[in-house]
Amino acid sequence: VAIRIAALVLLAFGAGFLLEARRYPFGSPNAPGPGFLPMILGAAFLLLALILLIRPGPLPENALPADRAGTVRIAATVVFLAAAIVLFDRLGFLVVGTLLMLGLLLVLDRHLIRAVILAPISTVVVYVVFKTWLRVPLPAGVLSF
Amino acid sequence: VELLQNLQLGFSIALTPTNLLFALLGVIVGTLIGALPGIGPVAGVSILLPLAFGMNPTTAMILMAGIYYGAMYGGTITSVLINVPGESSTVMTTLDGYQMALQGRAGPALSIAAVGSFVAGTFSVILLTLLAPPLADAALSFGPPEYLMLMLLGLATLSVLLAENKVKGMLAALLGVMIGLIGLDVITALPRFTFGELELLDGVGFLAVAVGLFGIGEVLVSLEQYYKVQPIKTSLRDLLLSQRDMRDSAAPIARGTVLGFVVGVLPGAGATIASFLSYALEKRISRHPEKFGTGTIEGVAAPEAANNASTGGAMVPLLTLGIPGSGTTAVMLGAMTLFGLQPGPLLFEKNPDFVWGVIASMYVGNVMLVVLNIVFVPLFVRALMIPYSVLAAFIILFCVVGVYSVNFSTFELWIMLVSGVIGYFMRKLEFPAAPIVLALVLGPMMETNLRQALLMSQGSFAIFFTRPISAALAVLIGIFVFAPVLLGMVGKKPLPVAEEI
């Protein structure tokens, strides 16, 4: 079933892709336009997704989540990461990096002291290496040096 | 004579202090990445690429190549001591390596792996040195049809021939090409699939996708269930190989080297396949096949030699044709273009210092690795004791900073996150992820070549079949793509490898 759902998602994606591809000039084989390849690819993709829907094959062994705790860890990681990206430019790397590390370590590692020590240190080290040595303009934000 | 001059040039570049330092850094990081399960060379190379941005391209490539072949060494440590493959290319090593460790022979297992890797790695670089220049010369006569067919062949091998489920493999490859279409059309400058987003005009960065799929995606999968890292306690002081070990391993190492190199050169097939085939080969020709899986040293020596030899092989198409055959080399190719190099046969003429510097550094790096992997094994074992929960947080932090460093844009971070989530589901549902990265890098080049070829032939697809090299490649692709599909329909397993093991 999981694979059928994936196939449906892919099918929808392929259909959307084809719809968008139709807006670009197809040209002709002797003068292929920008829409030439997208149409062919989109059609092939749809066809394959359809095959997958009909013949999904056996479900992989580990396809379903193992336990709740694992799912919570994954969801938390994704949410933290999304939050970090939203705040990245606004609060700057030092704050966001520390918060991200703190959050991840607390949820994944569940070791308060380790998290409180590691999060700021790792962030500052990365900041120094990338900002001063490699001259990557990491956003400074509210805290900076 | 010319070859010697070239090598001399190469070593004069590879032996400068900076390049030596970065080769060393590369192989150490590579070994670590190899040893740590849950992060592989694709993610490693992608995440560390930003470190290389300020450098000159040669140094950057030396670093990336070091990570690439270093990872082949490092994976062994985990396979032997924990029975968890550090990399997919060391899966075979767990079979006999861990058994050897249980019998108290972890030292010899690691030593023979290091020695075998060194011999194979060095020989494959020698073969690379000898084969690459003539191949680059020959490739000068290639036109758009040949290039298109070569790229298709690589993609077909990776996504169809080697994938467990052909349909999933093909879907992944198509998806990669489709993502590659996003952005300005190369020929007409028409924006495609950008939905008015300015950030999408330049296309979707391969790096953000690669880091997402292989870095974040891998971490997410690993977070689902912690495994216990419990290296078996064994004396590592006893690293010396007996005469008998050497005698038993010599022939398997030699065979593994040749096989690994050949598999590495083939587009789409890499270290993992090389090690599988090599193990299967040894088991088949052995006089005592029943001993395989019980801790026989040949079972460690051969696949370890093969996976290292494949790295030298994989550099052949990358450097001579500008066509990568795997996820890792695809990222390296993308990096080359980011550095303003034009990958392809002209590279040898235009940037001899780059090509030969990198090749020479691989000789040096292999020497470093054999020392590292014999003397400093205990240190790497200590690194394995870092809890994965802590490691995961660090990997994620590095992914974020690395991807941000490419364009200084948070938009790329979103692409990374989305790719990460997609990568997670792909892994769970056993869709191969490597074809996406390869197709994403190759896609735009394929489209340009396709359209140029059709312009050359005034719209006739016959051009792909009337030129001899192109036609031969087309036939191969046809066999690869359609034979397994047809076989699959009657429900047969097309690859005998899986059953051999």
Side-chain angles (χ1 to χ4, degrees), chain A residues 2-3 6 10 17 20-21 24-25 28-38 41-42 44-45 48-49 51-52 55 57 60 62-67 70-71 73-74 77-78 81-82 84-85 88-89 93 97 100-101 104-105 108-111 114 118 122-123 126 130 134-138, chain B residues 50-51 53-54 165 167-168 170-171 174-175 177-178 181 185 187-188 190 192-193 195 216 219-221 223-226 387-390 392-394 396-398 400-401 404-405 408 410 413-414 416-417 420-421 424-425 427-431 443 446-447 450-451 454-455 457-461:
Chain A
I3 295 198
L10 291 174
F17 190 90
E20 180 68 16
Y24 309 116
S28 62
N30 10 341
F36 182 70
L37 194 58
L41 285 176
F45 192 85
L48 285 168
I51 296 178
L52 191 66
R55 302 173 57 97
N62 299 318
L64 298 173
D67 56 8
T71 313
R73 282 195 292 263
I74 291 170
T77 306
V78 172
L81 203 45
I85 299 173
F88 202 75
D89 282 325
F93 180 73
L100 176 65
M101 287 300 280
L104 287 175
L105 286 171
L108 306 179
D109 196 34
R110 297 167 160 272
H111 205 290
R114 196 145 69 185
L118 275 179
S122 56
T123 309
V126 168
F130 276 81
L134 296 167
R135 308 217 178 86
V136 172
L138 290 171
Chain B
L51 272 178
F53 274 145
N165 183 321
V167 177
K168 288 178 185 171
M170 280 194 259
L171 279 168
L174 280 178
L175 187 62
V177 182
M178 284 152 86
L181 287 174
D185 171 30
I187 295 179
T188 60
L190 183 83
R192 289 185 293 184
F193 303 98
F195 306 101
I216 305 284
V219 169
L220 292 180
V221 172
L223 283 179
E224 192 153 356
Q225 216 167 13
Y226 289 151
Y388 189 77
S389 49
V390 175
F394 275 91
I396 290 175
L397 185 69
F398 274 111
V400 169
V401 180
Y404 184 80
S405 309
F408 317 131
T410 45
L413 291 179
W414 286 116
M416 174 190 82
L417 180 57
V421 174
Y424 167 77
F425 284 111
R427 255 178 204 71
K428 294 296 276 182
L429 298 175
E430 287 181 353
F431 280 81
M446 282 170 36
E447 186 183 22
L450 169 67
R451 284 160 71 175
L454 288 178
L455 284 174
S457 69
Q458 284 152 352
S460 160
F461 279 90

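In this text, all values refer to a predicted model and were calculated from it rather than measured experimentally. By convention in this document, chain letters (A, B, ...) are assigned in the order of the sequence lines, proteins followed by strands, and residues within each chain are numbered from 1.
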Practice problem: Pick whichever of Thr410(B), Val167(B), Leu171(B) has the most heavy-atom pairs under 4.5 Å with chain A. | Solution: Leu171(B)
Quiz item: When heavy-atom pairs shorter than 4.5 Å are enumerated against chain A, which of Ser405(B), Ser457(B), Ala392(B) gives the highest number?
Solution: Ser405(B)
Quiz item: Is the count of non-hydrogen atoms from other residues, nucleotides or ligands lying under 6.0 Å from Phe17(A) atom CZ greater than 12?
Solution: yes
Can you say whether [X] sits under 4.5 Å from chain B via the side chain, the backbone, both, or neither, judging by heavy atoms?
{"X": "Ala84(A)", "result": "neither"}
{"X": "Val126(A)", "result": "side chain"}
{"X": "Leu48(A)", "result": "both"}

Practice problem: Between chain B and each of Val78(A), Thr123(A), Leu100(A), count heavy-atom pairs under 4.5 Å; write down the option with the most. | Solution: Val78(A)
For a quick test of reading the model, state the closest non-hydrogen atom pair linking [X] to [Y] and the distance between them.
{"X": "Lys168(B)", "Y": "Glu430(B)", "result": "CD-O, 3.4 Å"}
{"X": "Met178(B)", "Y": "Gly42(A)", "result": "CE-CA, 4.4 Å"}
{"X": "Gly420(B)", "Y": "Leu220(B)", "result": "O-CD1, 4.0 Å"}

With a 4.5 angstrom heavy-atom cut-off, could you sort out which part of [X] is near chain A: side chain, backbone, both or neither?
{"X": "Leu450(B)", "value": "side chain"}
{"X": "Val400(B)", "value": "side chain"}
{"X": "Val390(B)", "value": "both"}
{"X": "Ile396(B)", "value": "side chain"}
{"X": "Leu181(B)", "value": "side chain"}

Practice problem: Determine whether the aromatic ring centres of Phe425(B) and Phe431(B) lie less than 6.0 Å apart. | Solution: no
Quiz item: Taking side chain as C-beta onward, heavy atoms only, is Tyr424(B) less than 4.5 Å from Ile216(B)?
Solution: no
Quiz item: Do Phe394(B) and Leu118(A) come close enough that some side-chain heavy atom pair is under 4.5 Å?
Solution: yes
Quiz item: Do any N or O atoms from the side chain of Arg73(A) and from the backbone of Leu223(B) form a donor-acceptor pair under 3.5 angstrom?
Solution: yes
